[in-house]
Amino acid sequence: MPKKKFIRSSEFPYHVSARSNNREWFGLDPEGLWSIFSRYLYLVQKLFNLEIHAFVMMSNHFHLLVKSPDANLDVAMRYFMRETSRVIARDLGRINHIYGGPYHSSLICDPSYYQNAYKYVLRNPVTAKMCQRVEEYPYSTLQGLLGLRHLLIPTCANEELFYNTEEFLEWLNFAYQESENEVIRKALRKREFETYPSQKSRKKADFIPAPLSSHPVSF
């Protein structure tokens, strides 16, 4: 089956994710791995004019929310995946693959979908029981935005979401139901993020209203 063509957009953000080979732990200590990802996200942001909204590093995968004003995300991600793979392999003394395959991207064309994706990404460590609250997790751009640690990754804070820190954190720390999490997870595997594919096939259970919908988000 031929690979589906990448959807180019300069207007809307993407969710991007990639897993380690065989879904195993990346192998480096977390601080060392975070340092590598941070350096190369800094580089790709400068080289390819990206707008990074959020990045969360997990033990065997990462999540990235990013916008590409020059519609060149595919070029930027090829560079990022190639160079981080090379450096991680060098530091581990390995010659086999670091990533289990190419990255996956999902275009997000609706502000309410964006809020759901944003919350899902930042809550990933909590869902995985790696911490109790989103702001406790050290390998997330959120800690840098909150001033809890130095952040090398140039990150755009969406003013509509971040206008009130207390309310923002309360929203992030309010858990989705398991079924809602599953809907978002599946939606992020599509080339274009959708929690209901069409008006005809829409079901109540398929749509998750964004908790901050009273504060519309612009891209």
Side-chain angles (χ1 to χ4, degrees), residues 9-10 12-20 25-91 98-99 103-108 114-115 117-128 130-131 133-163 165 168-169 172 188 217 219:
S9 174
S10 60
F12 300 114
Y14 297 81
H15 169 264
V16 180
S17 62
R19 289 192 176 275
S20 58
W25 176 49
F26 275 109
L28 287 178
D29 69 277
E31 284 296 331
L33 188 62
W34 177 254
S35 177
I36 292 170
F37 282 139
S38 296
R39 292 199 312 270
Y40 279 96
L41 284 170
Y42 176 87
L43 276 175
V44 295
Q45 189 274 332
K46 298 297 182 184
L47 292 172
F48 300 99
N49 189 33
L50 301 183
E51 294 179 8
I52 297 172
H53 295 196
F55 179 76
V56 175
M57 181 190 85
M58 302 293 284
S59 60
N60 65 359
H61 65 282
F62 66 75
H63 293 274
L64 172 67
L65 281 175
V66 60
K67 190 175 176 182
S68 176
D70 296 338
N72 60 350
L73 181 66
D74 53 335
V75 181
M77 286 306 301
R78 279 200 299 271
Y79 175 86
F80 178 79
M81 296 285 284
R82 182 183 70 242
E83 293 303 308
T84 54
S85 180
R86 178 183 62 81
V87 174
I88 294 169
R90 181 200 65 194
D91 289 357
I98 297 301
Y99 294 106
Y103 69 92
H104 174 80
S105 65
S106 181
L107 187 66
I108 306 172
Y114 173 84
Q115 290 188 59
Y118 189 89
K119 179 172 177 173
Y120 177 89
V121 165
L122 290 179
R123 282 194 56 79
N124 212 236
V126 179
T127 304
M130 300 173 77
C131 59
R133 293 181 59 85
V134 290
E135 64 268 30
E136 295 171 354
Y137 190 65
Y139 307 115
S140 164
T141 50
L142 179 63
Q143 279 214 337
L145 289 176
L146 294 173
L148 299 176
R149 72 175 293 172
H150 173 70
L151 182 63
L152 179 62
I153 304 166
T155 307
C156 303
N158 192 300
E159 293 181 2
E160 289 90 346
L161 284 178
F162 215 84
Y163 79 105
T165 303
F168 175 63
L169 289 176
L172 286 176
L188 289 173
V217 174
F219 295 134

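From a predicted model like this one, the values you see are computed outputs, not experimental measurements.
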What is the distance from atom OG1 of T141 to atom CG of L152, rounded to the nearest 0.5 Å? 12.0 Å
What's the shortest heavy-atom distance between Y103 and S105, and which atoms? CE1-CB, 4.0 Å
What distance do R86 atom CZ and I36 atom CD1 have between them, rounded to the nearest 0.5 Å? 10.0 Å
Heavy-atom side-chain proximity of F55 to H63 below 4.5 angstrom: no
Test side-chain contact (heavy atoms from CB on, under 4.5 Å) applied to V16 and L73, step by step: CA-CA 10 Å; V16 180; L73 181 66; 3.9 Å; yes
With a 6.0 Å cut-off on ring centres, are F26 and H61 close enough? no
Work out which heavy atom in K67 is nearest to a heavy atom in S10; give both atom names and the distance. CE-O, 3.6 Å
Starting from the C-alpha separation in whole Å, work towards a yes-or-no answer on ring-ring contact (aromatic ring centres under 6.0 Å, His included) for Y114 and H53. CA-CA 11 Å; Y114 173 84; H53 295 196; 5.6 Å; yes
Pairwise side-chain contact, L41 with L50, heavy-atom cut-off 4.5 Å (strictly under): no
Step by step, work out the side-chain contact (heavy atoms from CB on, under 4.5 Å) result for H15 and V121. CA-CA 9 Å; H15 169 264; V121 165; 3.6 Å; yes
Do side-chain atoms of S38 reach the backbone of W34 as a donor and acceptor pair under 3.5 angstrom? yes
Just so I know, are the side chains of L169 and T165 near enough to count as touching, which here means a heavy-atom distance under 4.5 Å? yes
Taking the side chain as every heavy atom from C-beta outward, state whether I98 and T84 have any pair of such atoms under 4.5 Å apart. no
Donor-acceptor contact below 3.5 Å, side chain D70 vs main chain N72: no
Minimal non-hydrogen separation, L188 against S106, with atom names: O-CB, 3.5 Å
Between Y120 and T127, does a side-chain contact (heavy atoms from CB on, under 4.5 Å) hold up when you go through it step by step? CA-CA 9 Å; Y120 177 89; T127 304; over 6 Å; no
When rounded to the nearest 0.5 angstrom, what is the spacing between CD1 in I52 and OG in S68? 11.0 Å
Quick one: does any side-chain atom of R149 pair with a main-chain N or O of P138 as donor and acceptor, under 3.5 Å? yes
Residue pair V56 / P125: nearest heavy atoms and the distance that separates them: CG1-CG, 3.8 Å
Nearest heavy-atom contact between A54 and T155 is N-CG2, 4.5 Å
Can you check whether Q143's main-chain N or O pairs, donor with acceptor, with E135's side chain at less than 3.5 Å? no
Any side-chain heavy atom of M58 sitting closer than 4.5 Å to one from M130? yes
Run the side-chain contact (heavy atoms from CB on, under 4.5 Å) test on Y139 and F37 for me, step by step, so that the C-alpha distance in whole Å, both residues' side-chain angles and the decisive distance to 0.1 Å come before the verdict. CA-CA 10 Å; Y139 307 115; F37 282 139; over 6 Å; no
For the pair Y99 (side chain) and R82 (backbone), establish whether a donor and an acceptor sit closer than 3.5 Å, ignoring hydrogens and angles. no
For residues M57 and S140, determine if any side-chain heavy atom of one lies less than 4.5 Å from a side-chain heavy atom of the other. no
Would you mind reporting whether R19 and S17 have side-chain heavy atoms less than 4.5 Å apart? no
Distance from L142 atom CG to R133 atom CZ, nearest 0.5 Å? 10.5 Å
Is there side-chain contact between L64 and Y14, with at least one heavy-atom pair below 4.5 Å? no
Does the separation of the ring centres of F80 and F62 fall below 6.0 angstrom? yes
Strictly distance-based, threshold 3.5 Å: is any side-chain N or O of R123 a donor or acceptor partner for the main-chain N or O of V134? no
List the atom of L107, the atom of S9, and the distance in Å for their closest heavy-atom pair. CD1-CB, 3.7 Å
